[in-house]
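These numbers were taken from a predicted model, which means no experiment stands behind them. A note on names: the letters A, B, ... follow the listed sequences, proteins ahead of strands, and every chain is numbered from 1.
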Amino acid sequence: MKFCLFDADYSSSEKPNVRLFGTDDKGNSVMVLDSIEPYFYAFCKKGLKAELEKIKEIKRTELTKKIINGREKSFYKIYCERPAEVREMIKDRTECFEYSLNLYKRYLIDKGIYPLEWLDIKGPSRKGEGFATVIEAERIKKTKNGILGQPKIMALDIEVIDGRIVMFSAADNIGYREVFSSEDEKAVLEKISRTFLERDPDIVATYNGDLFDFDILNQRSQANKIKLMLSRDGSSLYFRKSMWTSSAKIKGRIHIDLFAFVSRLMFQQLQSEVFTLDEVSREILGRGKESISLEELANMWKNKRKLMEDYCMNDSLLTLDLCKNLLTQIFTLSRVSGQLPFDCSRMTFGALSEWYLIRKAAERNMISPNPAHYAEIQRRRAKVPIKGGYVKEPMKGLHSNIGVFDFRSLYPSVIVTFNISPEMLNIKCKKYNHVPGFRYKFCADKKGFVSEMVESILEERGKIRKKIKNAKNRKELDEQQFSLKILANATYGMFINPKARWYSYECAESSAAYGRHYIKQAIDEAEKYGFLVIYADTDSLFVKLADEKDIKKSAKDFLKKINASLPGIMELDLQGFYIKGMFIPQKLEGYTAKKRYALMDEKGIITLRGLEAVRRDWCDLAKSLQREVIRLVLEGKEKEALEAVRTTVKKVKNRQVDIDEIAISTQLSRSAGQYKTKNIHSVIARKLNEEGKAAAEGTIFSYVIKKGAGSISDRAELAYKTGKDDYDADYYINNQILPAAFRILQTLGYKQQELLANGLKRFG
DNA sequence: GGCCCACGGGG
DNA sequence: GGGTACGTGGGCC
């Protein structure tokens, strides 16, 4: 039968089994069972064979030749049920490799199976166990035939009031919509299980379901002694835990947590510095959600149930549409890297690149290097941070008619052009690439592994980009090429990651050095050509012409010239033109660590980067003022921007703002007694305790700084206990309103003092 | 300036 | 799958 693989796991309950989950060509759910013979590799050593034969856990060994660090060596391939345990027994005798791979990963690599490909499975099949078909594989063959039917995607959202789940909504891509609410939590939980059973989705989409929805569902079903039935095989929710995060797995389905994906792999392409469902949906879908405080939500539950149901439904609909939008990217990453969509959608750049390399290495008869041990990781962490990209400090002020250039995939193209790969460093050969400013040289006689892999990703991307022009499925192709860009860009991050198998401080240093060399060269060339370079950072430069002539024509001409001189596959692109722009240094004096700018194009559309007065420890008033100031300044309304600041300051002074606008919300990270020092959190926790209210770890509260004597924390009070007459106007003006506005206005040359009323004299 | 603690998403 | 994410900012002393 035809089978398309979505997900897989390993179970050793009876015999070592790999379970493959997916659908047939009609979209019905399928589980494929296959056996696996786990193994690992050990360096060949004299007398080792005899010792291995004494270990009863080892089933058999094979002598084999494998390539490591560019050289062929002899290894024992040791078959045993638990590679990690057997490796412990012999690790002092010889170095072992690939003993900690997850066995479903091992299986997919060895069989050469990539997720979302079509397979032809032969073997006895049956119905049941939650699947339309269960098949015991006797033969698996790859096939080109088969069209992926639309997988059924269901988005889910829950609402929690006073620690209990009172509502949930679900929406799927075939039009199913459901909101259910009840005072009876058991009824809600049972309804959720029923929905999963009846709708039977292939993909479950959530927004932060890993850390919130499924965590709460798990806790509350235990509290209510109800077994949640979400998976296909009847198993409970499974949490794959790591030190600081957790992923919720629903066996037989793919749980895609859009927050996990967006915050790890998409943050670079989003303007937003925050990854709330609202901000992310606004940017990707062009529509968002109403912002509702916790108090309002509780109030809605009491008085406006219907409105709350609409709110809940909207969250599911946004999540569903985000999933539909981003699925191509996730699937492409999965197809190319060979990792499961569940894993791909939760990986960091470094892990993504590493897994891609592990698979490609196996396909080339290579053994992947081992990840470093703890002491080595610590040593790597302690190294001097690598000198990063070159930054040319921004010129102050509001600029007009700006052209933006950037190097197309700077680090990947450097890696390919100069053959940057760990095993090519300083080896003996005929021709070298010498790293500018360093003693490093990379062999130029033959291709290195990492650089060749990056090259093949870029080539694949190039092919897709060429197809886009006349294609019907432009959007899909565009998403494909973009995910390849993500994968290529991930390699530099992997070089720096101390835990990575192909970690290389020297390769990272070299990539950065070449990057600096070529951006500086581009800046020089741009200046020679007659541009004023107003700002440059790592891979992009922002230019204007002194006499504001036709920048578009000059920019295109410049581009042609510079690209003719760039080596290898390096290329400078024209990113766009903007009619107004400003660049914001991080501090008043000192360095700029991160790109921070605001640009406005011909259509009046504003692009913001790096302006982060959006955290929840800033009050709403400060956040909205910063946005307004940016807009006004870019529109050339400097006077109005200053007026907006003055008006806000006046409003605060005259106590004309609502407590909501100046309340700052925060979360207790421990319980009242556990704080070592006096701070806002410990003071509020104590106050909550005195009132007999919950002040446990995780409690969220909003507070206001009251006027009076004492430190900030002495004067912090729960928002609901304060009125307009209580807040400390000076604190809000000096610590919230002015800093937020000043971030922007300092680039126009203002001093913080000047933002106050008397500084506005400039405009009479 | 050093230390402590918080921020992120969700409700 | 991960040997206290992680980079940064405010308040206190």
Starting at atom [atom1] of [X], determine the distance to atom [atom2] of [N], rounded to an integer number of angstrom.
X       : N       : atom1 : atom2 : result
N735(A) : dG9(C)  : CG    : P     : 15 Å
N208(A) : dG9(B)  : CG    : P     : 9 Å
Y703(A) : dG10(C) : OH    : P     : 12 Å
R743(A) : dT8(C)  : CZ    : P     : 12 Å
W618(A) : dC7(B)  : CH2   : P     : 15 Å
I705(A) : dC12(C) : CD1   : P     : 8 Å
L217(A) : dG10(B) : CG    : P     : 17 Å
Q667(A) : dG11(B) : CD    : P     : 14 Å

Regarding [X], tell me which of base, sugar-phosphate or nothing describes its non-hydrogen contacts under 4.0 Å with the strands shown.
X       : value
Y731(A) : sugar-phosphate
S100(A) : sugar-phosphate
D315(A) : sugar-phosphate
L294(A) : base
I216(A) : nothing
I161(A) : nothing
K249(A) : nothing

Taking atom [atom1] in both [N] and [M], what distance in whole Å separates the two?
N      : M      : atom1 : result
dG3(C) : dA6(B) : C1'   : 24 Å
dG9(B) : dG9(C) : P     : 16 Å
dC7(B) : dA5(C) : C1'   : 13 Å

In chain order, what residues pass the side chain to side chain donor-acceptor pair (under 3.5 Å) check against [X], with sequence neighbours excluded?
X       : result
K91(A)  : E88(A)
E159(A) : none
Y505(A) : none
N325(A) : K475(A)

Does dG8(B) have OP1 or OP2 sitting under 4.0 Å from an N or O in the side chain of S263(A)? no
Nearest to the side chain of D157(A), heavy atoms from C-beta on, is which of dG11(B), dG9(B), dG9(C)?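 Out of dG11(B), dG9(B), dG9(C), the nucleotide with an atom closest to D157(A)'s side chain is dG11(B).
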Of the nucleotides dG11(B), dG9(B), dC7(B), which has the atom closest to the F275(A) side chain?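 Nucleotide nearest to F275(A)'s side chain: dG9(B).
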Looking at CD1 of I256(A) and CG of D210(A), how far apart are the two atoms once the value is rounded to the nearest 0.5 Å? 10.0 Å
Where do N or O atoms of nucleotides 2-5 of chain C meet protein N or O atoms at under 3.5 Å, pair by pair?
residue	atom	partner	partner atom	Å
dG2(C)	OP1	K241(A)	O	3.2
dG2(C)	OP2	K241(A)	O	2.8
dG2(C)	N2	K499(A)	O	3.4
dA5(C)	O4'	W244(A)	NE1	3.3

With sequence neighbours left out, the residues meeting salt bridge (charged side-chain N to carboxylate O under 4.0 Å, His left out) with D278(A) are R282(A)
Contacts of D110(A) that satisfy salt bridge (charged side-chain N to carboxylate O under 4.0 Å, His left out) - sequence neighbours left out: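 By the salt bridge (charged side-chain N to carboxylate O under 4.0 Å, His left out) rule, D110(A) matches R106(A).
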Of residues 706-715 of chain A, the positions that come close to DNA chain C - non-hydrogen atoms, cut-off under 4.0 Å: S711(A), I712(A), S713(A)
Write out a two-atom table: protein N or O, nucleotide N or O from nucleotides 3-5 of chain B, distance below 3.5 Å.
residue	atom	partner	partner atom	Å
dC5(B)	OP1	K676(A)	N	2.9

Say whether, by atom type as modelled, one donor and one acceptor occur between the side chain of Y727(A) and the main chain of V652(A) under 3.5 angstrom.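 At least one qualifying donor-acceptor pair exists.
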Pairs flagged by side-chain hydrogen bond (donor to acceptor under 3.5 Å, both in side chains) wherever residues 372-381 of chain A is involved - sequence neighbours left out: Y374(A)-Q378(A), E376(A)-R379(A), E376(A)-R380(A), Q378(A)-R381(A)
Residue pairs meeting side-chain hydrogen bond (donor to acceptor under 3.5 Å, both in side chains), one or both in residues 161-170 of chain A, sequence neighbours left out, come to S169(A)-S316(A)
Given the ring of Y503(A), does K383(A) sit roughly above its face, with NZ or CZ under 6.0 Å from the centre of the six-membered ring and within 45° of the axis? no
Positive for side chain to side chain contact (heavy atoms under 4.5 Å, CB included) with V262(A), one of L277(A), L322(A), V280(A): V280(A)
Mind jotting down which residue pairs meet the salt bridge (charged side-chain N to carboxylate O under 4.0 Å, His left out) criterion with at least one end in residues 349-360 of chain A? Sequence neighbours excluded, please. K360(A)-E363(A)
